[in-house]
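Reminder, nothing fancy here: chain letters follow the sequence lines and each chain counts from 1.
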Amino acid sequence: MKNKFTILMTMVLFITISSCTKEPETSDDVVTTPEDLGQKILDDFSNVVASDIYHDLSENTSLLYEHVLALQSAPDENLLTTCKQDWRNARSSWEKSEAFLFGPVSTENIDPRIDTWPVNFQDLEGELAGSHAFTHDYIDGLQDALKGFHPIEYLLFGQEGNKTHSEFNAREFEYLVALCENLKELTSSLNASWNTNSTSSYASTLMSAGPGNTVYGSKLSAYEEMVNAMAGICSEVAEGKMNEPFVLQDASLEESPFAFNSITDFTNNIRGVESVYLASFVEDGKGLEDLVRQHNLSLDSTIKSKIQQAIAALQNITVPFGQAIIEQPVQVQNAIDAITSLEETISTDLLQLVQLHGNL
Amino acid sequence: MKVRFLKKSLAWCCLLLLFIISCKKPETWDAEAYNEWYSGGQQTIWDQSAGAFSSMFPVISNRNALIHEVGDKAFEATFVSSGNLNPGLGPLFNSVACTSCHINDGRGTPIGPGTQMVSLLFRMSIPGEDPHGGPLGVPGFGGQLQQNAIFGAQPEAEVEINYSEQSASYADGTNYSLRVPNYSVVNAYAPLPGDVMFSPRIAPPVFGLGLLEAVNENTILEYEDESDADGDGISGKANYVWDVLASKNKIGRFGWKCGQPTVLQQSAGAYNEDMGITSFLFPIESTHGQTQHIDAVPEPEISDSLLYAVADYVRTLAVPARRNADDPQVKYGKQLFHDANCSSCHRPMMQTGVDVSFQEVSAQYIFPYTDLLLHDMGPDLADFRPDHRANGYEWRTPPLWGIGLTDIVNGHANFLHDGRARNLEEAILWHGGEAQQSKEIFRNMSAADRDALITFLKSL
């Protein structure tokens with residue numbers, strides 16, 4: 001009788017333990033050793049996060065280019081609305097990718113060429129009033145503050161964010177089309193640089209981290225890169241993008257003001273951090289989360305809850321950011337605090353854990 | 001009786017021990033061996049990621065940390081022509097933000113994607129000296145070629161770069177090739193004088209400058225040997241340049257030819273010449289007197305406090321720690337570095353002076369691998385353009401700390417004053433003049449020894 005009870009209890013315990021174990025995300029995901037996990041984190045970051053987000057970005061900027069071309073040939077309000085949505089979609093992918101601003105986006109100087117703020121309005125108006133053809137090379141040679149997301153945003157949405165298709169003139173269309181083509185090309189090259197199937201891509205550099213790799217001499221250095229980038233964007237959002245306009249009470253410092261998109265931008269920055277941590281975008285993979293869970297479940301839960309708190313605090317801001325810095329100071333301060341708190345956990349606790357256990 | 005005997009023995013033992021200790025020669029404290037992981041002394045950070053050059057000093061007062069943050073934002077700020085946000089750009093400029101050239105606070109590269117030259121600029125002058133002994137600006141162009149302009153203004157000129165390959169081989173028969181640049185100035189907005197001289201300069205990394213600034217002049221002069229009195233073939237000459245704020249000549253420490261005495265003046269000079277931004281130190285636009293001079297924004301275009309904050313930001317950027325310093329190959333490479341006499345100019349260690357007002361940099365053992373002096377580097381690297389006391393063959397010994405992280409921080413390994421070397425081997429092989437002998441030692445090394453030396457450099 002006692003024996004039967006023991007067997008029964010053992011089975012119950014076994015079932016309980018098995019059911020508590022996290023299911024592998026995909027069939028080829030079974031990780032047996034710490035070294036396997038170490039490699040899988042780098043592979044999945046490259047495959048599931050970076051290359052998928054950049055692929056998304058590239059697709060969205062291609063659509064934007066295609067649609068502004070159509071808009072130029074037959075201006076139409078519905079088409080303009082589609083272009084505006086394309087811009088938002090591209091922006092969403094880009095802001096998520098800002099959670100890993102290392103590699104070609106930084107070293108090839110792509111970031112400033114597609115996302116510089118402020119716009120040089122005086123020169124932009126000069127370009128529109130001028131007669132120089134907006135050729136490929138001409139756009140390529142323009143200063144950073146005259147190309148990329150924000151001049152496109154200004155041309156699409158207008159100063160007050162309510163531009164209609166009938167307000168465009170031919171020169172604006174020409175500039176818009178040329179800028180969108182430039183954005184498409186730069187993001188496409190970014191996408192190519194993270195092509196996980198190419199041995200010369202940055203993705204292969206990251207995935208082959210270890211002795212002999214000239215960039216990442218150890219896997220640890222690659223994890224540190226990821227963690228520092230996550231902390232970096234949190235600090236950029238809290239201290240730069242949000243705090244500067246807030247403390248100076250100056251809405252002109254706000255990014256993405258014409259599309260009223262700033263809060264969405266900030267939220268997508270944090271969602272990007274979440275994607276890197278979980279190795280999750282369209283698919284799920286093994287992420288830093290899995291390394292943390294092996295050693296400190298409480299830290300894992302802290303990071304996840306701080307990510308959610310930061311997103312929730314941003315969602316509590318109910319008016320466009322330029323307005324919120326005046327009208328909703330408490331909500332803005334709460335969001336800054338929540339993101340700062342997330343940044344502190346990442347740059348201290350997560351970094352330390354990775355440095356302690358990431359030498360795989 | 002037994003106790004007495006024990007006491008006696010114990011006393012003898014103690015005496016003997018004292019004798020032994022006192023006879024032992026006191027060991028000299030080898031500061032270099034003890035501290036070499038800590039390249040920046042107490043201001044060393046343990047980061048080997050893309051942000052390795054961008055960390056604030058780990059030991060810093062709250063006040064200086066706050067200034068660092070303000071300066072950090074200003075260092076990233078993009079300038080525009082007019083408006084209420086960062087106005088004053090140009091009318092002529094090389095780039096629109098400090099970070100455009102010093103990407104990730106690191107090293108520039110000669111050509112960006114496409115043909116855009118982002119971080120390589122050209123100093124220019126004609127024979128003669130300015131009132132302070134510096135280079136004489138070119139009439140109608142000034143001291144630096146600006147290749148960009150705001151809308152409505154014409155850039156001064158464009159520069160085209162062509163490279164040719166020059167093959168040679170190591171003593172063991174292994175071939176190598178060096179990339180020889182050829183610069184042509186085209187589309188100049190006005191005729192250039194026939195005797196104009198150009199000097200290409202790539203943006204150098206900006207971390208650790210506060211520590212270098214804190215090195216006493218006498219410490220630098222310890223290595224000076226202008227007339228090569230010791231006959232080792234290596235001279236080393238200090239540059240003395242005009243300090244605008246102090247209104248007198250001071251030792252030059254910064255820039256490829258030690259042309260700037262302080263971080264503040266280096267920063268103000270870059271604002272003025274690179275971006276067309278005036279400050280209290282340089283309140284006159286670089287285009288003053290030229291036809292492109294359009295100036296809607298009143299001087300100074302950057303406030304005094306912001307200029308100081310940017311200089312303080314740069315001063316308080318920490319130095320990355322060594323990696324693998326105990327690795328046997330690295331240690332062997334270090335020995336070869338010394339044996340080849342590289343350390344005669346790339347001086348491994350210095351001590352900073354005592355500075356009670358800026359304790360963060362005070363009295364630190366640092367490992368910058370520079371002597372902050374000028375050396376003749378031979379005709380192949382010469383720009384044939386004098387700059388204060390530096391002649392056309394002389395260049396400052398650039399610091400080597402952090403050099404092994406260039407790949408991760410900047411995505412390339414281009415070195416030397418114009419980025420012509422595509423890796424560390426090529427950088428060594430370009431050495432000439434006073435460094436000719438060291439280069440020959442390197443060329444005669446076995447492949448394994450060359451690898452060890454490079455591995456050592458990568459650990460810096």
Separation of Thr78(B) OG1 from Asp144(A) CG (nearest 0.5 Å): 6.5 Å

query: Checking heavy atoms, do the side chain of Asn86(B), its backbone, both or neither come under 4.5 Å from chain A?
result: side chain

statement: Separation between CG (Leu124(A)) and OG (Ser81(B)), nearest 0.5 Å, reads 10.5 Å

- request: Give a yes or no on this: more than 12 heavy atoms of other residues, nucleotides or ligands lie within 6.0 Å of atom NZ of Lys331(B).
  value: no

query: Is a side-chain donor or acceptor of Asp123(A) paired with a backbone partner of Phe151(B) at a separation under 3.5 angstrom?
result: yes

- prompt: Is it the case that Asn84(B) and Ser252(A) place a side-chain donor and acceptor less than 3.5 Å from each other?
  reply: yes

message: Measuring from atom CD of Gln48(B) to atom OG of Ser218(A), what distance do you get when rounded to the nearest 0.5 angstrom?
response: 5.0 Å

task: Let me know if Pro118(A) has heavy atoms under 4.5 Å from chain B in its side chain, its backbone, both or neither.
output: both

query: Can you tell me if Asn104(B) and Ser106(A) form a side-chain donor-acceptor pair at under 3.5 Å?
result: yes

query: Of the backbone (N, CA, C, O) and the side chain (C-beta and beyond), which part of Glu185(A) lies under 4.5 Å from a heavy atom of chain B, both, or neither?
result: neither

message: Counting heavy-atom pairs closer than 4.5 Å to chain A, which one of Ser100(B), Ser54(B), Ala50(B), Ala52(B) comes out on top?
response: Ala50(B)

- line: Taken to the nearest 0.5 Å, the spacing of Thr109(B) OG1 from Glu108(A) CD works out to 8.5 Å

message: Under a plain distance cut-off of 3.5 Å, with no hydrogens placed, do Ser82(B) and Gln122(A) share a side-chain donor-acceptor pair?
response: yes

- request: Please look at Asp111(A) and chain B and tell me whether the side chain, the backbone, both or neither of the residue comes under 4.5 angstrom of a heavy atom of that chain.
  value: neither

field: Which atom of Trp46(B) lies closest to which atom of Gln355(A), heavy atoms considered
entry: O-NE2, 4.2 Å

task: Please indicate whether Asn62(B) has more than 12 foreign heavy atoms, meaning atoms of other residues, nucleotides or ligands, lying under 6.0 Å from its CG.
output: no

- line: On a heavy-atom basis, the closest approach of Leu85(B) and Trp117(A) is CD2-NE1, 3.8 Å

task: Quick one: which of Val119(A), Asn120(A), Thr107(A), Leu101(A) has the most heavy-atom pairs under 4.5 Å with chain B, could you say?
output: Asn120(A)

- prompt: For the atom pair OG1 (Thr214(A)) and CD1 (Ile408(B)), what is the distance rounded to the nearest 0.5 Å?
  reply: 9.5 Å

message: For the CE atom of Met226(A) and the OG atom of Ser49(B), what is their distance to the nearest 0.5 Å?
response: 12.0 Å

task: Pick one of side chain, backbone, both or neither for Asp47(B), based on which atoms fall under 4.5 Å of a heavy atom in chain A.
output: side chain

task: Over all heavy atoms of both residues, which pair between Lys73(B) and Glu239(A) is shortest? Give the atoms and the distance, please.
output: CE-O, 3.8 Å

- prompt: Side chain, backbone, both or neither: which part of Leu405(B) has a non-hydrogen atom closer than 4.5 Å to chain A?
  reply: neither

